[in-house]
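Notes for the one structure printed next.
Every heavy atom of this structure was used, including side-chain atoms; hydrogens, water molecules and symmetry mates were not.
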Amino acid sequence: MKKTVCMVLAMLAGFCFSADLFANEKDHQKKNYENEKFVWTDNYVSEGNHAALAPSTEEIVTTCLSKDGKPLRWVRKNDIYKYGKFTGTSTLETALYNMAVDEMINNFEKDGTLRTGLYWGGVWTRDVSYSSLLSLAYMCPDKVKNSLEVKIDRMGRIIQDTGTGGSWPCSSDRVVWALSAWNIYLATGDIEWLQKAYPVIIKSLECDDMVVFNPQTGLYRGESSFIDWREQSYPTWAQPADIYLSECLGTNAAYYGVLKVTADMAAALGFKKDVKKYTQKAEALKKAINDKFWVEEDGYYASYWYGRQNLIRTQHSETLGESFCVLFGIADEERAAKVISSMHVGEFGPPIFSPQIVSQGNYHNNGVWPYVTSFWGKAAAKAENETALLHALACNVRTAALYATNYENYSFNTGNPYTTLMNSPNMLWGLSGFMGLFHRTFFGFEFSQDGLALNPFVPTVLAGTRKLEAFPYRGMSLDITVKGSGHEIASCLIDGKEADAFIPADWTGKHTVEIVMKGEHKPSSINLVGYIGMPETPVVQETTGKLQWKAIDGVAKYEVLKDGQVAAETTACEWTATENGEYQVRAISAKGVHSFTSEPLRYYADASIQMLGVDKWLDEKLGEQVKLKVTVPVTGWYVIDWEYANGSGEVEQRNHCANRQLYVDGKNFTTMVFPQRGLDDWKNYGWSTPVKLYLKKGSHQLALRYLEKNININIDLDKAHVKSLRLTQLP
């Protein structure tokens, strides 16, 4: 141990050391975890010629350098022990936990809110909400409350962070705010907080019911929760309107969790009708998720459905969504076990999604995010998968130790946090995930309205004695000791007497809990794979029904899709359409990996498309804004969409997406979405979201109306210019 400390300190001072000498030192250490990339022992983490260790429980040193070549080191600077004192099985384990608490305090702002990361000031709805779920709801509930309150707009709705096409509803995961609000209540029992939060949640959900929910599929629209960099997870042809139309696993799993806790809130507040309403909505959504996303042959849920007129399911897994399906009980016990053992995992952790997009850099694509790894680790514990849990713990320990901070993300195939497109140390959800995974596994924290249950899950190689002393919970001070390993409790003493491992919420004062584990685990495994890249997306041209595209390297065959269904397979780079419809092509590698489908092309051999001039502005005045008559030649199915411009913001920033209700013959039919297309660019026209409708032969009245539930997140600026209407008769 002394030799290793000296070597690390020497490197920090600019000296070199022998890799062979360090390897000999490693041989004398107990290994907690080892794979082809890194080793975690009781005393240090090593990867190649780099190593990190803890000279004390309040310091971490590492041979890794900062991005600009400076030495890295963590030394405690805050009063961390008022949040409880953790003692792990080694100095390094204790120091890493202490660093997470120390960095949590670094993110306390003067106004009482939580900073998002060292480089990122301000509060982000999803960041603080997910951080709350991981640990902050009970570690610093008042700071989380303050942060949630600044994410309520003047209309009493949850604020969606800026994002694709002008924020909500292209991005629609703001409702995770509700999960955070509920977890604060579980940790504190503050009924006044619940009374304040509940109407905000209800109003937001009611807007989403009209604008985001798709009654045809039973799913919610909008891009994958937190994966909001468009080309980092969608095909490059996807417009913001297309992203709004997508139905994503992570977002829908989050909505399911929100609907469940909304029913629980209603019960706590005595709103019996709401209990029934939101319970039924949750169960219907759970069924839709299982029906639409589960892929039996892969053993996990697909990441999303995407397209235009016809949605197509991706081949990807998506770690946050998979984890939520396990944690929230969407997956039954059998599916939960399959998800954890089947989804793709790398040596440095589970990727945000897999396969990867070869042409894109490292961020969401080809990235590992420690907070997501923490959720995955929690899901692994629930599924009783010891191998996955140990891998999650090891991956979080590795990165925090080697870089002496809790980063937001790092490259999936190199483990390097400096090669991603954007990053920050001292990251709120990174540090909260680190603490939370320790709490939820080593001590088994499970909060409820009635109290705190303790259900530890300790991997065999991490057996030992761990303590959490003077831990504050609802005015109590708890001293908790857990000994041994396993996922079942052999004995529990509370204040010296045998008892269930449960602390009732109405207790007061100081209490001691001593738990001994049985030391048993079920056989388990993970699907450890290397980098898997998707084939390039075909770019298809259509001329009088003939589809043509360039050959793509490494592709075994191509599939031609008509209206979302496979119509043909070919090894050639052309195919001729003989029927009207929406066509796409996707490439498939020799290993069976799918590309994204090409941009949808509408081929209509006859005059099946009508174009009607509109030339109307959508503005901030509530009521009817566009009205026109259409005449259809025959009874049947049609698609309508609107040619429009929205120059109120860039594709990736601001919150000026315009939404209007489509009325057909005086009846509210659906929401039409007109996302931003370019800042101050009112000549950039594109197509709104399309909608299918069944029309009888003859004349029909179409109208766009601006309702209160359509109002965007900006509120004050909500406009677009509609140039024309396209009416397409379907085959």
Side-chain angles (χ1 to χ4, degrees), residues 165 170 214 216 221 237-246 306-311 540-545 547 562-564 577 579-584 598-618 624-647 657-665 669-678 681-705 719-731:
C170 296
N214 183 354
Q216 278 71 48
R221 300 182 176 102
W237 55 258
Q239 299 293 301
D242 302 322
I243 292 173
Y244 160 79
L245 286 173
S246 65
Y306 70 111
R308 284 188 184 148
Q309 290 179 203
N310 306 281
L311 300 189
V540 181
Q541 304 294 327
E542 181 268 323
T543 306
T544 62
L547 308 179
K562 175 183 176 293
D563 298 333
E579 298 177 337
N580 289 353
E582 182 185 65
Y583 287 90
Q584 295 172 275
S598 61
E599 183 168 12
L601 291 173
R602 295 184 183 186
Y603 167 69
Y604 290 89
D606 49 30
S608 299
I609 299 176
Q610 294 184 50
M611 296 292 294
L612 290 82
V614 179
D615 191 22
K616 294 285 187 179
W617 280 93
L618 310 178
E624 192 167 87
Q625 298 185 336
V626 173
K627 185 176 182 180
L628 73 163
K629 184 171 69 174
V630 299
T631 301
V632 299
V634 296
T635 299
W637 285 98
Y638 292 81
V639 170
I640 68 164
D641 48 5
W642 308 80
E643 190 178 15
Y644 81 99
N646 182 342
C657 184
N659 317 295
R660 299 296 185 270
Q661 287 307 112
L662 172 67
Y663 279 72
V664 180
D665 296 329
F669 188 76
T670 193
T671 303
M672 307 299 296
V673 177
F674 305 87
Q676 296 168 191
R677 295 185 57 81
D681 187 355
W682 292 98
K683 295 181 179 179
N684 179 357
Y685 284 88
W687 294 99
S688 72
T689 52
V691 62
K692 293 182 183 179
L693 61 165
Y694 190 80
L695 298 174
K696 293 183 179 179
K697 179 181 178 180
S699 296
H700 297 272
Q701 198 79 45
L702 302 183
L704 291 175
R705 297 181 187 176
K719 67 178 182 178
H721 180 257
V722 178
K723 183 178 182 181
S724 59
L725 171 74
R726 179 169 60 179
L727 176 69
T728 304
Q729 180 183 343
L730 296 180

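Rounded to the nearest 0.5 angstrom, Leu601 CG and Gln541 CD are separated by 7.5 Å. Annotation: the span from Asn580 atom CG to Lys562 atom NZ amounts to 8.0 Å, rounded to 0.5 Å. In this structure, OH in Tyr604 is found 7.5 Å from CD in Glu582, a value given to the nearest 0.5 Å. Summarising the geometry, atom OG1 belonging to Thr670 is positioned 7.5 Å from atom CG belonging to Asn214; distances are rounded to the nearest 0.5 Å. Here Tyr663 contributes atom OH and Lys627 contributes atom NZ; the two are 13.0 Å apart, rounded to the nearest 0.5 Å.
Closest approach of Tyr644 to Ala720, counting heavy atoms only: CD1-CB, 4.4 Å. Pairing each heavy atom of Thr689 with each of Met672, the nearest pair is O-CE, 2.9 Å. The two residues Ile243 and Cys170 come nearest to each other via the heavy atoms CG2-O, 4.3 Å. Nearest heavy-atom pair, Pro240 versus Gly165, reported as atom, atom and distance to 0.1 Å: CB-CA, 3.7 Å. Listed here is the closest heavy atom pair of Cys657 and Val673: SG-CG1, 3.5 Å.
In this structure, Ser608 and Arg602 have side chains that are not in contact, with every pair of non-hydrogen atoms separated by 4.5 Å or more. Contact of the Tyr583 side chain with the Val540 side chain is not registered, since no non-hydrogen atoms from C-beta on lie closer than 4.5 Å. By the 4.5 Å heavy-atom criterion applied to side chains, Trp237 and Gln584 are counted as neighbours. For the pair Lys692/Asn310, a side-chain contact is recorded, criterion being any heavy-atom separation below 4.5 Å from C-beta on. Contact check for Trp637 versus Thr728: no side-chain heavy atoms found under the 4.5 Å cut-off. When side chains are defined from C-beta on, Glu643 counts as touching Met611, because their heavy atoms get closer than 4.5 Å. Considering only heavy atoms from C-beta on, Val722 stays 4.5 Å or farther from Ser688 through its side chain.
With sequence neighbours excluded, the residues that form a salt bridge (charged side-chain N to carboxylate O under 4.0 Å, His left out) with Glu624 are Arg705. Taking the salt bridge (charged side-chain N to carboxylate O under 4.0 Å, His left out) definition, one finds that Arg308 meets it with Asp242, Glu599, sequence neighbours left out.
Asn684 contributes no side-chain N or O that, together with a main-chain N or O of Gly678, makes up a donor-acceptor pair within less than 3.5 Å.
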Report task. Evaluate the side-chain contact (heavy atoms from CB on, under 4.5 Å) criterion for residues Gln729 and Val632: first the C-alpha distance (whole Å), next the side-chain angles of each, then the deciding distance (0.1 Å), finally the verdict. Result -> CA-CA 8 Å; Gln729 180 183 343; Val632 299; over 6 Å; no
Query raised in the report: Given Gln239 and Trp687, is the side-chain contact (heavy atoms from CB on, under 4.5 Å) satisfied, shown in steps?
Result: CA-CA 9 Å; Gln239 299 293 301; Trp687 294 99; over 6 Å; no
**Report entry** Audit row: Asn659, Tyr244, side-chain contact (heavy atoms from CB on, under 4.5 Å) steps and yes/no
**Finding:** CA-CA 11 Å; Asn659 317 295; Tyr244 160 79; over 6 Å; no
Requested in this report: Tell me, with the steps shown, if Trp642 and Val626 meet side-chain contact (heavy atoms from CB on, under 4.5 Å).
Outcome: CA-CA 11 Å; Trp642 308 80; Val626 173; 4.0 Å; yes
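Test Gln661, Lys616, Lys719, Arg660 against Gln625 for side chain to side chain donor-acceptor pair (under 3.5 Å) and you get one pass: Arg660.
When only modelled atom types and interatomic distance are considered, Asn646 and His721 share no side-chain donor-acceptor pair under 3.5 Å.
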Please output the side-chain donor-acceptor pairs of residues 694-704 that fall under 3.5 Å, not counting sequence neighbours, one pair per line with the distance.
| residue | atom | partner | partner atom | Å |
| --- | --- | --- | --- | --- |
| Ser699 | OG | Thr631 | OG1 | 3.3 |
| His700 | ND1 | Asp665 | OD2 | 2.8 |
| His700 | NE2 | Lys696 | O | 2.6 |

